[in-house]
Peer 1: 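Handing you this structure, nothing more for now.
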Amino acid sequence: MRFTSPPDPINFNQQVWDIVRRVPPGRVTTYGEIARRLPLPEGMDPKAYLAFAPRWVGGAMAACPADVPWQRVINSKGEISARPGARMQHQLLEEEGVQFNERGRIDLTIFGWPDSAGEQEQPHLL
DNA sequence: GTTGTGACATCGC
DNA sequence: CGCGATGCCACAA
């Protein structure tokens with residue numbers, strides 16, 4: 001059963017997965033960043049979208065295909081969200097070269113994608 | 001129709 | 001940097 005879905009869940013999920021597939025190994029991205037790269041559904045206030053799109057992204061990840069590196073999607077704190085498989089996600093990221101703090105957090109200024117140094121990809125919303 | 005909740009973000013202290 | 005409080009949309013009971 002799917003959780004909350006955007007007005008166009010199929011298209012939304014597809015775009016989410018597409019973005020996640022573009023995340024290079026050894027890098028991580030956040031729900032918020034993904035949400036910013038997604039188009040704003042017509043008739044929806046940007047504010048409202050930005051407020052809840054991240055959760056829709058999470059909903060998309062819940063049904064993500066096997067070819068999507070879901071482990072590279074984390075929350076804005078740089079931490080792995082509480083959910084079954086978090087332990088495995090941690091291990092997978094470490095194997096990719098992502099370093100965790102003692103608290104289990106990732107330094108997004110280093111491993112965050114896109115990197116602020118100019119590895120920018122596509123323009124974003126707003 | 002009302003209430004609660006979700007793989008979160010952002011602002012303030 | 002960390003913690004607490006607030007907000008938003010859609011859906012199930």
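We name chains A, B, ... by the order of the sequence lines, and we start the count at 1 in each one. Computed from a prediction, not measured in an experiment: that's the story for all the values here.
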Peer 1: How many whole angstroms separate atom CZ of A/R55 from atom P of C/dA10?
Peer 2: 13 Å
Peer 1: Quantified in whole Å, what is the C1' atom distance between nucleotide B/dG1 and nucleotide C/dA12?
Peer 2: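 Nearest-Å result for B/dG1 against C/dA12 at atom C1': 14 Å.
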Peer 1: Tabulate protein N/O versus nucleotide N/O from nucleotides 10-13 of chain B, keeping only pairs under 3.5 Å, one per line.
Peer 2:
unit_1: B/dT10; atom_1: OP1; unit_2: A/R36; atom_2: NH2; d: 2.8

Peer 1: Using a cut-off of strictly less than 4.0 Å, decide whether A/R72 has a side-chain nitrogen or oxygen near OP1 or OP2 of B/dA7.
Peer 2: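 For B/dA7, OP1/OP2 do not have a side-chain N/O of A/R72 under 4.0 Å.
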Peer 1: Please work out whether the ring planes of A/H90 and A/F100 are parallel, tilted or perpendicular, with thresholds of 30° and 60°.
Peer 2: parallel
Peer 1: Could you please name the option among B/dA7, B/dA9, C/dG7 that lies closest to any side-chain atom of A/N75?
Peer 2: B/dA9
Peer 1: Spell out, as yes or no, whether a donor-acceptor pair under 3.5 Å connects the side chain of A/E96 to the backbone of A/P25.
Peer 2: no
Peer 1: Rounding to the closest angstrom, what is the interatomic distance between B/dG12 and C/dC8 at atom P?
Peer 2: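 Nearest-Å result for B/dG12 against C/dC8 at atom P: 16 Å.
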Peer 1: Counting only side-chain heavy atoms from C-beta out, which of C/dG7, C/dA10, C/dC3 sits nearest to A/R103?
Peer 2: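 Within the option list, the nearest is C/dC3.
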Peer 1: Test of understanding: with salt bridge (charged side-chain N to carboxylate O under 4.0 Å, His left out), list the residues that count as partners of A/R83, not counting sequence neighbours.
Peer 2: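 Listed in chain order: nothing, the list is empty.
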Peer 1: Could one point to a donor on the side chain of A/Y31 or the base of B/dA7 with an acceptor on the other under 3.5 Å away?
Peer 2: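 Per atom types, the contact qualifies.
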Peer 1: What's the CD1-P distance between A/I110 and C/dC1, to the nearest Å?
Peer 2: 11 Å
Peer 1: Just checking, is any N or O donor in the side chain of A/N11 or A/Q15 under 3.5 Å from an acceptor N or O on the other one?
Peer 2: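 Side chains of A/N11 and A/Q15: pair found under 3.5 Å.
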Peer 1: Would you please test A/N13 and A/M61 for side-chain contact (heavy atoms from CB on, under 4.5 Å) and show each step?
Peer 2: CA-CA 8 Å; A/N13 289 359; A/M61 300 317 296; over 6 Å; no
Peer 1: Without decimals, in angstroms, what is the distance between A/L92 CG and B/dA7 C1'?
Peer 2: 16 Å
Peer 1: Counting C-beta onward and ignoring hydrogens, is there a side-chain heavy-atom pair between A/L108 and A/T30 closer than 4.5 Å?
Peer 2: yes
Peer 1: Hey, which sits more toward the 5' end of DNA chain B by its nearest nucleotide, A/E33 or A/F52?
Peer 2: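 The residue whose closest nucleotide sits nearer the 5' end is A/F52.
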Peer 1: Choosing from C/dC8, C/dA10, B/dC8, which nucleotide comes nearest the side chain of A/K47?
Peer 2: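 The listed nucleotide nearest to A/K47's side chain is C/dC8.
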